[in-house]
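Worksheet for the structure shown next.
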Amino acid sequence: SVLVTSVVEGYCKAGKPKEAMNVISFFSLKPNIFVYNSFISMLCADGDMVDASLMFQEMFESGLLPDCVSYTTMIGGYCKDPDMKRAFQYFGKMLKCGIKPTVTTHTLLIDACCRSEDLEMAECLFQKMKTEGLVPDIVTYNTIINGYGKKGNLHKAFMLVDMMRSAGISPDVTTYNIIIDSLIKRGFTNEAKDILDELVRRGISPDMVTFTSIIDGLSKKGDFEEAFLVWFYMSEHDVKPD
RNA sequence: AAUCGUUGCU
């Protein structure tokens, strides 16, 4: 069993989840739900939704009922694909099975809707989750702020920052990075700098993402001197790498 | 203990 574990681990680390699962079934071992979810997650990360859905089905047929994480993982896989039709199919399936989608499930779908430029659907999910008694967290807010920001609707993005504050959630470095990147990509360089100042004033440390976002934006604008100054500022201060 | 969601460049 120690041997099996290490062989399975080896296959997983080598990025071969299918082979690892074959080893498990060869020894007629019954994976539990955590093992199944981990494997489904690996396949989804690989973009292999064919095998992910096969494994989801296999889990079902072996008598293990997929849980919220199983469904959310599958939805996440299809959102990345992106195959929103199937993503929403799984969303419907989990509702039908009486499994309550979580904040994570909704955030995942909101993010995918934003990426497919369907801000209406994103907004709809955002409203719906609240009526179901779910409380959007900082990731949900950052996700939808990013959706509006990237689309150039900065007014709405700032409104959502206010909304999250009223909900008692303080914007974090990711929130600021999203706003700064959205501004700079639309050419609002000075406004982006103001936000950078605000971030520092609030005691948040800018990170690598903050600066690469600014430097990239300035370079694409052809403002290499400014870009260099920011780079210089960055090397003078201790910027946390990821 | 171990499985799902958000920001830049590449």
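Letters A, B, ... are given to chains in the order of the sequence lines, protein chains preceding strands, and every chain is numbered from 1. Remember, it's a predicted structure, so these values are computed and weren't measured experimentally.
A donor-acceptor contact under 3.5 Å is not formed by the side chain of A:Thr72 with the base of B:G5. Judged by atom type and distance alone, A:Thr107 reaches the base of B:G5 through a side-chain donor-acceptor pair under 3.5 Å.
Among the protein residues, A:Thr143 comes within range of the sugar-phosphate backbone only, with heavy atoms under 4.0 Å from sugar or phosphate atoms but none that close to a base. Nucleic acid contact class of A:Thr174 (heavy atoms, under 4.0 Å, all strands): base. Within 4.0 Å (heavy atoms only), A:Thr210 reaches no atom of the nucleic acid at all. Within 4.0 Å (heavy atoms only), A:Lys80 reaches no atom of the nucleic acid at all. Base contact: A:Asp137 has a heavy atom under 4.0 Å from a base atom. Within 4.0 Å (heavy atoms only), A:Val173 reaches no atom of the nucleic acid at all.
Taking 4.0 angstrom as the limit, A:Arg115 places a side-chain polar atom (N or O) nearer than this to OP1 or OP2 of B:U7.
Checking side-chain atoms of A:Arg186 against main-chain N and O of A:Asn153 turns up no donor-acceptor pair under 3.5 Å. Between the side chain of A:Ser219 and the backbone N or O of A:Ile215, at least one donor-acceptor pair lies under 3.5 Å.
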Problem set entry | side-chain contact (heavy atoms from CB on, under 4.5 Å) between A:Met84 and A:Cys79, worked out | CA-CA 6 Å; A:Met84 294 315 288; A:Cys79 283; 4.1 Å; yes
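Of the candidates A:Thr140, A:Leu154, A:Thr174, A:Ile179, A:Ile145 forms a side chain to side chain contact (heavy atoms under 4.5 Å, CB included) with just one, namely A:Ile179.
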